[in-house]
2 protein chains.
Amino acid sequence: MATHTEFQEALLHKLSDSGLRSTPQREVVFKVMLQKRDHPTADEVFARVKSAMPSISLATVYNCLDTLVSCGLIRQVNFERGPTRYCPNLHPHAHFHDLQTGSTHDIDLPPGLIDQVKTILPEGYDASSVEIIFRGKTSFAAASAILPATGQN
Amino acid sequence: MATHTEFQEALLHKLSDSGLRSTPQREVVFKVMLQKRDHPTADEVFARVKSAMPSISLATVYNCLDTLVSCGLIRQVNFERGPTRYCPNLHPHAHFHDLQTGSTHDIDLPPGLIDQVKTILPEGYDASSVEIIFRGKTSFAAASAILPATGQN
DNA sequence: TCATATAATTAGAATAGTTCTAATTCCTTC
DNA sequence: GAAGGAATTAGAACTATTCTAATTATATGA
């Protein structure tokens, strides 16, 4: 049997690509991000991580999340004035922000769409990333929309 | 000659559509937004407005900007963890965020693009707005890139 | 193996941006 | 011109994030 899980391998690999170490804190933050596939804030990640590692500090959670973002293992999203949210989905996707429930949904992007959208850029603009954010309402989540919106995801 | 300028008419009209009053503060904030067509923060708007109306408060600037956003006279943009920026360009456009200079450029959208992008949404998603953000570098602004990046726009 | 250097973590202070509160002023309408 | 509601104001409060300085962990290489 393997001494490392698959996710640990991926983590180690991506980290060392950037000359960074794999640490217990980075591992647990990454694990927590993969477990519940929503869009938590740093505070929410902190709360989840604490049960597995009570000694971890909020500053470290910020550090780890920033590290994971910078080596491409997770993404960062911002909606309006809310706190930064983190996203473990690495497939090319857009975000749909449900204005009624506050929740966020990933929308898979068909291959080629990003490149196609990039063609609208005039000469001299070289985009390394394209982010697409939809805002609106959903018609399938009627049940959950009744709930008092405990938090976002 | 007209008793009101064109922009005041537009302001008055949009405001009263939402049951709101046109006030000197709202007028001056709107005017300032139209004068320099960049993407200022609330603080920057506050600074610009102060010369015309020294008694205005920062809270009022926030209030006015929110009001203008909610009646569709300006737009709001957020990049990463930076402060909210406000945009007077009402034509359908995307934003290009220059990672080297920190500046923001408006990118005109060809008609139909937004609708086309909306077609990727699965059943049940009803988007009232679509935001597109590019990030990357530009090759034409070599001169300004040398400057020590005093602020963003 | 041990010393050294560097990287990472930590707690808590500090900061920045924004919102809230309560009091005041300004309009609008009777 | 009085009453009621809307808008503004100053400053306090709040939240998210970053910074600082000290500590701990890890890797390297003598």
Side-chain angles (χ1 to χ4, degrees), chain A residues 4 8 11-12 14-30 32 39-50 52-71 73-74 76-86 102 151-152, chain B residues 8 11-12 14-30 32 39-50 52-71 73-74 76-86 102 150-152:
Chain A
H4 297 97
Q8 281 174 318
L11 179 64
L12 200 76
K14 284 272 193 179
L15 284 171
S16 58
D17 278 359
S18 313
L20 300 164
R21 292 178 190 161
S22 181
T23 68
Q25 288 84 353
R26 286 171 182 171
E27 276 180 30
V28 71
V29 167
F30 187 42
V32 151
H39 300 83
T41 64
D43 260 320
E44 286 162 358
V45 174
F46 182 46
R48 292 177 198 176
V49 159
K50 259 192 163 165
M53 184 184 276
S55 66
I56 201 169
S57 78
L58 177 58
T60 299
V61 170
Y62 271 101
N63 289 342
C64 290
L65 288 169
D66 283 351
T67 301
L68 295 177
V69 168
S70 71
C71 62
L73 286 161
I74 61 176
Q76 209 179 57
V77 236
N78 286 84
F79 299 113
E80 279 80 43
R81 290 174 184 168
T84 299
R85 290 171 179 282
Y86 298 87
Q152 304 188 300
Chain B
Q8 281 174 318
L11 179 65
L12 201 75
K14 284 272 193 177
L15 285 170
S16 58
D17 278 0
S18 312
L20 300 165
R21 293 178 189 159
S22 181
T23 68
Q25 288 84 351
R26 287 172 180 169
E27 277 180 31
V28 71
V29 167
F30 188 42
V32 152
H39 299 83
T41 64
D43 261 321
E44 286 163 357
V45 174
F46 182 46
R48 292 177 198 177
V49 158
K50 260 193 162 166
M53 184 184 277
S55 67
I56 200 169
S57 77
L58 178 58
T60 299
V61 170
Y62 272 100
N63 290 342
C64 290
L65 288 170
D66 284 350
T67 301
L68 295 177
V69 167
S70 72
C71 63
L73 286 162
I74 61 177
Q76 210 179 56
V77 238
N78 285 84
F79 299 112
E80 280 80 42
R81 291 174 183 168
T84 298
R85 290 171 178 280
Y86 299 87
T150 55
Q152 306 187 301

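Chain naming here is simple, since letters A, B, ... match the order of the sequence lines and numbering starts at 1 in each. All figures in this text were calculated on a predicted structure; none of them were measured in a lab.
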Inset, instruction - Decide yes or no for A/Tyr62 and A/Val29: does some side-chain heavy atom of the first lie under 4.5 Å from some side-chain heavy atom of the second? - result: no

Inset, instruction - To the nearest Å, give me how far apart CG (A/Leu11) and P (C/dA8) are. - result: 12 Å

Inset, instruction - Under 4.0 Å between any heavy atoms, over every strand shown, what does B/Thr60 touch: base, sugar-phosphate, or nothing? Just pick one. - result: base

Inset, instruction - Would you kindly give the CD1-to-P distance between B/Ile56 and C/dT25, to the nearest whole Å? - result: 17 Å

Legend entry - Single hit among B/Leu73, B/Thr23, B/Leu20 for side-chain contact (heavy atoms from CB on, under 4.5 Å) with B/Leu11: B/Leu73

Legend entry - D/dA7 OP1/OP2 closer than 4.0 Å to side-chain N/O of B/Arg26: yes

Distances for protein N/O vs nucleotides 17-20 of chain C N/O pairs under 3.5 angstrom?
unit_1	atom_1	unit_2	atom_2	d
C/dT18	OP1	B/Thr84	N	2.8
C/dT18	OP1	B/Thr84	OG1	2.9
C/dT18	OP2	B/Tyr62	OH	2.5
C/dT18	O5'	B/Tyr62	OH	3.2
C/dT19	OP1	A/Arg81	NH1	3.3
C/dT19	OP2	A/Arg81	NH1	2.5

Legend entry - B/Arg21 CZ to D/dG4 P, straight-line distance once rounded to whole Å: 15 Å

Inset, instruction - Report the distance from atom CE of A/Met53 to atom P of C/dA8, rounded to the nearest whole Å. - result: 15 Å

Legend entry - Side chain A/Arg81, main chain B/Thr84, donor-acceptor under 3.5 Å: no

Inset, instruction - Choose from C/dA11, D/dT9, C/dT6 the nucleotide whose nearest atom is closest to any side-chain atom of A/Ser57. - result: C/dA11

Legend entry - Any donor-acceptor N/O pair, B/Asn78 side chain to A/Phe79 backbone, under 3.5 Å: no

Legend entry - Distance below 4.0 Å between A/Gln25 side-chain N/O and D/dA25 OP1 or OP2: no

Legend entry - A/Asn63 CG to D/dC19 P, straight-line distance once rounded to whole Å: 11 Å

Legend entry - Pairwise distance OG1(A/Thr67) to CG(A/Leu15) - rounded to 0.5 angstrom: 7.5 Å

Inset, instruction - Look up atom CD in B/Gln25 and atom CE in B/Met53, then write down how far apart they are to the nearest 0.5 Å. - result: 4.5 Å

Inset, instruction - Report yes if at least one side-chain N or O of A/Thr23 is closer than 4.0 Å to OP1 or OP2 of C/dT9; otherwise report no. - result: yes

Legend entry - Pairwise distance CG(A/Asn63) to CZ(A/Arg26) - rounded to 0.5 angstrom: 8.0 Å

Legend entry - Distance in angstrom units between A/Leu20 CG and D/dT26 P, rounded: 15 Å

Legend entry - Rounded distance (Å) that lies between atom C1' of D/dA16 and atom CZ of B/Phe79: 20 Å

Legend entry - Among D/dA6, C/dA8, C/dT10, the nucleotide that comes nearest once only the side chain of A/Ser55 is considered: C/dT10

Inset, instruction - Provide, to the nearest angstrom, the distance between the CZ atom belonging to A/Phe46 and the C1' atom belonging to D/dA16. - result: 14 Å

